[in-house]
Amino acid sequence: MRLGPLTTNQDLDPARLRAAFGTFPSGVVAVAAEVDGQLTGLAASSFTSVSLDPPLVSFSVANTSKTWPDLRRAAHLGLTVLAAGHGEVCRRLAGPVAHRFDDVAVTSSEDGAVTLDEGLARFDCTVYREVEAGDHTIVILRLHAVETLPDGGDATLPLIFHRSGFGQLSRPA
Ligand SMILES: Cc1cc2nc3c(=O)[nH]c(=O)nc-3n(C[C@H](O)[C@H](O)[C@H](O)COP(=O)(O)O)c2cc1C
């Protein structure tokens, strides 16, 4: 199968864009913090590493998010790279707010950063910059601490989000 011609003046409607964006596979992170004593967070597939010096990462949050206005008030934010077995956890983190952290082991730092205990890596961050970008805001985060699970074969594969569904990497034999 081959791609057709790229013609301008197309209607770049959301469905068409989602389908195209969805061909690009990504991992998923949990962005979470304790805000006013409540576990608060969401799932985000827009995570990207940005800079080593200073250490920066980013994710994009929809301007319609009801959670981000609370999360951004936290002194520190936790970020966790989800593992292959986290499909259900990921859906919960994107679902009804009252149940986002049901049955998930988390650790809260003194500064309120919340990370999942069974992720592949976790980061402690603060908001470095927020950049308006259409219907999303690019949130650039400065890292203050990082912990990474050593590579342990299939048990340490990441959750993959691709074409609106979850997949998994397979290791070459
Ligand atoms: C796999 C997956 C990836 C997601 N990635 C993002 C993302 O990058 N940015 C975003 O704003 N929402 C993303 N969401 C949606 C949020 O997790 C959440 O459902 C949304 O922000 C609405 O909840 P809120 O109003 O509490 O923020 C994603 C959801 C799923 C299931």
Side-chain angles (χ1 to χ4, degrees), residues 1-32 41-69 71-72 77-97 99-100 104 115-116 118-123 125 127-143 146 148-173:
M1 257 197 286
R2 303 190 65 158
L3 289 163
L6 258 186
T7 51
T8 49
N9 303 322
Q10 281 179 339
D11 182 15
L12 298 182
D13 61 274
R16 190 184 200 111
L17 289 172
R18 270 202 202 96
F21 293 169
T23 63
F24 187 73
S26 63
V28 188
V29 297
V31 186
L42 51 82
S45 57
S46 50
F47 171 82
T48 309
S49 57
V50 173
S51 162
L52 295 176
D53 185 17
L56 303 173
V57 300
S58 74
F59 77 103
S60 301
V61 67
N63 294 336
T64 51
S65 172
K66 296 198 172 70
T67 299
W68 179 242
L71 261 185
R72 68 188 294 285
L77 294 172
L79 222 130
T80 311
V81 178
L82 299 186
H86 274 145
E88 192 53 41
V89 167
C90 177
R91 290 206 189 282
R92 227 174 295 141
L93 280 167
V97 168
H99 298 289
R100 287 194 178 170
V104 194
T115 49
L116 278 59
E118 291 177 358
L120 301 187
R122 53 178 158 199
F123 303 95
C125 359
V127 176
Y128 179 81
R129 211 153 286 165
E130 289 176 79
V131 182
E132 282 180 32
D135 57 12
H136 280 61
T137 298
I138 302 169
V139 181
I140 304 175
L141 298 164
R142 185 176 181 125
L143 304 179
V146 52
T148 310
L149 205 63
D151 190 0
D154 287 356
T156 54
L157 289 174
L159 182 67
I160 303 290
F161 190 58
H162 182 234
R163 291 192 189 266
S164 308
F166 296 123
Q168 205 174 311
L169 285 179
S170 58
R171 288 175 183 271

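The structure displayed is predicted, hence computed values, not measured ones. Positions are given from 1 along the sequence.
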Distance-minimising heavy-atom pair for [X] and [Y]:
X	Y	answer
Phe166	Cys90	CZ-SG, 3.6 Å
Ile138	Ser58	CG2-CB, 4.2 Å
Thr115	Gly78	CG2-CA, 3.8 Å
Pro54	Tyr128	CG-OH, 4.3 Å
Cys125	Leu79	SG-CD1, 3.8 Å
Ala62	His136	N-CD2, 3.4 Å

Test: salt bridge (charged side-chain N to carboxylate O under 4.0 Å, His left out). Region: residues 77-89. Which pairs qualify, not counting sequence neighbours?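 For residues 77-89, and leaving out neighbouring residues, there are no salt bridge (charged side-chain N to carboxylate O under 4.0 Å, His left out) pairs at all.
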Measuring from [X]:[atom1] to [Y]:[atom2], what's the distance to the nearest 0.5 Å?
X	Y	atom1	atom2	answer
Thr48	Leu56	OG1	CG	12.0 Å
Leu93	His86	CG	NE2	9.0 Å
Leu143	Arg122	CG	CZ	14.5 Å
Ser45	Phe24	OG	CZ	10.5 Å
Leu77	Phe123	CG	CZ	13.0 Å

Quick one: does Thr80's side chain have a donor or acceptor within less than 3.5 Å of a partner on Gly119's backbone? no
Of all residues at least two apart in sequence or in a different chain, which pass the side-chain hydrogen bond (donor to acceptor under 3.5 Å, both in side chains) check with [X]?
X	value
Arg142	none
Thr137	Asn63
Thr67	Arg100

What pairs with [X] under side chain to side chain contact (heavy atoms under 4.5 Å, CB included), at least two apart in sequence or on another chain?
X	value
Leu3	none
Arg72	Trp68, Glu130
Leu12	Gln10, Arg16, Leu17

Could you list the donor-acceptor pairs under 3.5 angstrom formed between side-chain atoms of residues 152-163 and any protein atom two or more places apart in sequence or on another chain?
| from | atom 1 | to | atom 2 | distance (Å) |
| --- | --- | --- | --- | --- |
| Thr156 | OG1 | Asp151 | OD1 | 3.2 |
| Thr156 | OG1 | Gly152 | N | 2.8 |
| Thr156 | OG1 | Gly153 | O | 2.9 |
| His162 | NE2 | Thr23 | O | 3.2 |

Output all residues satisfying salt bridge (charged side-chain N to carboxylate O under 4.0 Å, His left out) with Glu118, sequence neighbours left out; order by chain, then residue number. none
Under a 4.5 Å cut-off applied to non-hydrogen side-chain atoms, are Arg92 and Val104 in contact?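 With C-beta onward as the side chain, the pair touches.
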Given Val61 and Leu42, is the side chain to side chain contact (heavy atoms under 4.5 Å, CB included) satisfied, shown in steps? CA-CA 10 Å; Val61 67; Leu42 51 82; 4.3 Å; yes
Side chain to side chain contact (heavy atoms under 4.5 Å, CB included) partner of Phe47, the single match among Val57, Leu82, Leu141: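 Output: one option passes, namely Val57.
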Yes or no on side chain to side chain contact (heavy atoms under 4.5 Å, CB included) for Val81 and Val29, after CA distance, side-chain angles and deciding distance? CA-CA 5 Å; Val81 178; Val29 297; 4.2 Å; yes
